[in-house]
Amino acid sequence: MTDTPTTDPSALGHVGIVAIVGRPNVGKSTLLNNLLGEKIAIVSHLPQTTRNRILGVKTWDGNQLVLLDTPGIHRRRANMNRFMVQEAFDSLAGVDCVVLVSEVSTAVARVAPEEVSPELHAEDAYVVEQVTKHQSEAPLIVALNKIDLLHDRRALLPLMAGWSQRGQSEMVPISARTGEGVPVLLGEILKHVPRGPLLYPEDMVTDRVERFLCAELIREQIFEHFRQEVPYATAIEVESFEERSATHDVRLEAVIFVERQSQKAILIGKGGAAIKKIGIGAREEIAKLLGCTVHLQLTVRVADEWTRSPAGRRRFGYEP
Ligand code: GDP
Ligand code: MG
């Protein structure tokens, strides 16, 4: 009596790669926490680009989803560094499914259902348009989040009509906070994911890729607080990452590189006000990711015109 390896694909679970996209604050991190549970399982040995990071791996009942983030996707093309935006969309090639997280705005939550406008948020409309243009093969599911805020669920009807006017037929209303609708969303995702052997061990553990994620969270804050060329001219290097078991906290030192002295002045702000804001926001996000207290020290330095030279771009991981 020997065990023969099973070759029948129908005996395997669904295994695939899912990109999660969405503007800031729509609830992507909350959804991720809900999907992954308390444990953040991060992969370190896959090639990661700065525009495409692995957020976690969810494994259950023989199914496995590798969840990807594509942070640059909502940025409209700036003249500068347009290759970064292009890269964000390129990173969708090869994913099995894109989940676009959108939210029920607080304005919608307050008004009567018949007063709700089906008009999409401009950035959501942009993403739908771009995803369709760049990667027509990846099916897109809209996760309409924060439905727990609605006084009247009938308000979902005009909102869903707005998406279908844009050619989107797959929509799942969810609350990432309460978990409502999340199993339905998972079911919809699985419909697009082929059966196959697991890509990663069932019990992935967190490791040094945390540094990379911390750098991205700092970068995200810069995108949130600045417009135009400054965010595109920044690169982050985490210089030290120290987990202190005695105090159960993390000490992190990171350098924000910009191209010019003038950008450095903008990033620091009057009396350091701007860099302070970035530090507070980033520390909060990193603490959420790591689940402990974080001490973050940020420094701003100039790396002359780094985006303009291949060597500069390579240094910060934007080119192979
Ligand atoms: P991200 O920027 O897209 O990652 O968004 P976050 O997950 O950080 O969430 C932004 C804010 O929305 C946080 O204050 C969350 O607590 C809140 N939020 C996320 N999901 C829900 C939800 O389903 N319902 C409600 N009421 N709030 C939510
Ligand atoms: Mg987030």
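What you see is a predicted model, and the numbers here were worked out from it, not measured in a lab. All values below come from the heavy atoms of this structure, side chains included, with hydrogens, waters and symmetry mates left out. In each ligand, atom 1 is the first atom listed, and ligand 1 is the first ligand listed.
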Tell me which pairs pass salt bridge (Lys or Arg N to Asp or Glu O under 4.0 Å) where either residue lies in residues 290-299, with sequence neighbours left out. none
List in chain and number order the residues that pass salt bridge (Lys or Arg N to Asp or Glu O under 4.0 Å) with Glu170, two or more places apart in sequence or in another chain; answer none if no residue qualifies. none
Are side-chain N/O atoms of Asp249 and Thr293 paired as donor and acceptor at under 3.5 Å? no
Short N/O distance, under 3.5 Å, between Ile174 and ligand 1? no
Which one holds for Lys288 and ligand 1: side chain close, backbone close, both close, or neither close, with close meaning a heavy atom under 4.0 Å? side chain
Mode of Leu31 contact toward ligand 1 - side chain, backbone, both, neither (heavy atoms, under 4.0 Å): neither
Under 4.0 Å to a heavy atom of Ala176 - the qualifying atoms of ligand 1, by number: 20 (N), 23 (O)
If you measure from the Lys or Arg side-chain nitrogens to the Asp or Glu carboxylate oxygens, is any gap between Arg23 and Glu123 under 4.0 Å? no
Using a strict cut-off of 4.0 Å, indicate which atoms of ligand 1 neighbour a heavy atom of Thr30. 6 (P), 7 (O), 9 (O), 15 (C), 19 (C), 20 (N)
Counting from 1, what ligand 1 atoms have a heavy atom of Arg23 closer than 4.0 Å? 3 (O)
Salt-bridged, Lys28 to Glu285, with N to O below 4.0 Å? no
For ligand 1, which part of Asp148 has a heavy atom less than 4.0 Å away: the side chain, the backbone, both, or neither? side chain
When every non-hydrogen atom of Val302 is compared with those of Gln261, the smallest separation belongs to CG2-OE1, 3.6 Å
What part of Glu103 sits under 4.0 Å from ligand 1 if we count only heavy atoms: the side chain, the backbone, both or neither? neither
Using a strict cut-off of 4.0 Å, indicate which atoms of ligand 1 neighbour a heavy atom of Lys28. 1 (P), 2 (O), 3 (O), 4 (O), 5 (O), 7 (O)
Which atoms from ligand 1 have a heavy atom of Leu149 less than 4.0 Å away? 26 (N)
Between Ser102 and Asp124, a side-chain donor and acceptor under 3.5 Å: yes
For the side chain of His192 and the backbone of Cys97, is there at least one donor-acceptor N/O pair under 3.5 Å apart? no
Under 4.0 angstrom from ligand 1, any heavy atom of Glu285? no
